[in-house]
Amino acid sequence: MCDYGYNICIADRVDIGTHCKFLDSGRITVGRNTTIGPNVTIDTQRVPTDFKTIKGTKRTAVTAEVHISENVHIGANCTIMAGVRIGTGAIVYPGSVVIRDVPRDVVVRGNPAEVRVVHWED
């Protein structure tokens, strides 16, 4: 499911699970060889920080791009918040809430998602 569809760019060999939500008011890019598990939500609308901007029907929405690099694995039931960049080779454990950038070649998990394990080159 997506809001618009034209703000989404998906590269080759990407696997997207069932019941995912791409809230694409802003741009979403997904790199090659990436897996996105079922029930993942990618949200590009920033959370309001000012009470005045949420009053009435003429409120404004501020968006920020979400970029998911190549060879990333995002587990089931994750939420990726606006403005996040996930680095190449990162693994996001199921149920994690990603609120800040994820470096390349790391494992993150939790709410909020934090680096738990660093991948080591063989």
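Heads up: numbering here begins at 1 and tracks the sequence.
Atom OG1 of T18 sits about 6.0 Å away from atom CG of N39, to the nearest 0.5 Å. For the atom pair OG1 (T41) and NE2 (H19), the distance works out to 12.0 Å, reported to the nearest 0.5 Å. If you take CZ on R32 and CD on E70, they are separated by 4.0 Å, rounding to the nearest 0.5 Å. Rounding to the nearest 0.5 angstrom, the gap separating the CG atom in D3 from the CD1 atom in I8 is 8.5 Å. Rounding to the nearest 0.5 Å gives a distance of 10.0 Å between OG1 of T63 and CG of D43.
Nearest heavy-atom pair across Y93 and R109 is CB-CB, 3.3 Å. Minimum heavy-atom separation, I36 to C20: CG2-SG, 4.0 Å. For V47 against M81, the heavy-atom pair with the smallest separation is CG2-CE, 4.2 Å. Residue V72 comes nearest to G89 through the heavy atom pair CG2-N, 4.2 Å, listed as atom of the first residue, atom of the second, then distance. Annotation for C78 and G95: closest pair SG-N, 3.7 Å, computed over non-hydrogen atoms.
The main-chain N or O of S96 is never found under 3.5 Å from a side-chain atom of N111 such that the two would form a donor-acceptor pair. N7 places a side-chain N or O within 3.5 Å of a backbone atom of D24 that can act as its donor or acceptor partner. Judged purely by atom type and a 3.5 angstrom limit, T44 uses its side chain to pair as donor or acceptor with the backbone of L23. With T35 contributing its side chain and V14 its backbone, the two residues share no donor-acceptor pair below 3.5 Å. S69 places a side-chain N or O within 3.5 Å of a backbone atom of I86 that can act as its donor or acceptor partner.
No continuous path of hydrophobic side-chain contacts links Y4 to I16 [ILVMFWY only; heavy atoms under 4.5 Å]. Linking Ile, Leu, Val, Met, Phe, Trp and Tyr residues whenever their side-chain heavy atoms come within less than 4.5 Å leaves I99 and V62 in two separate clusters.
For N33 and R13, the side-chain atoms include at least one donor-acceptor pair closer than 3.5 Å. Side-chain atoms of S25 and Q45 form a donor-acceptor pair, as typed in the model, at a separation below 3.5 Å.
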Output, in order, the C-alpha distance, side-chain angles, deciding distance and verdict of side chain to side chain contact (heavy atoms under 4.5 Å, CB included) for I80 and F22.
-> CA-CA 10 Å; I80 313 298; F22 287 22; over 6 Å; no
How far apart are the C-alpha atoms of D15 and T34, what are their side-chain angles, what is the distance that settles it, and do they pass the side chain to side chain contact (heavy atoms under 4.5 Å, CB included) test?
-> CA-CA 6 Å; D15 181 26; T34 291; over 6 Å; no
Apply side chain to side chain contact (heavy atoms under 4.5 Å, CB included) to R104 and V106, showing your working.
-> CA-CA 6 Å; R104 64 179 293 134; V106 298; over 6 Å; no
Take E65 and I28 through the side chain to side chain contact (heavy atoms under 4.5 Å, CB included) test and state the conclusion after the steps.
-> CA-CA 6 Å; E65 177 178 342; I28 297 172; over 6 Å; no
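The shortest distance between side-chain heavy atoms of I42 and I68 falls below 4.5 Å.
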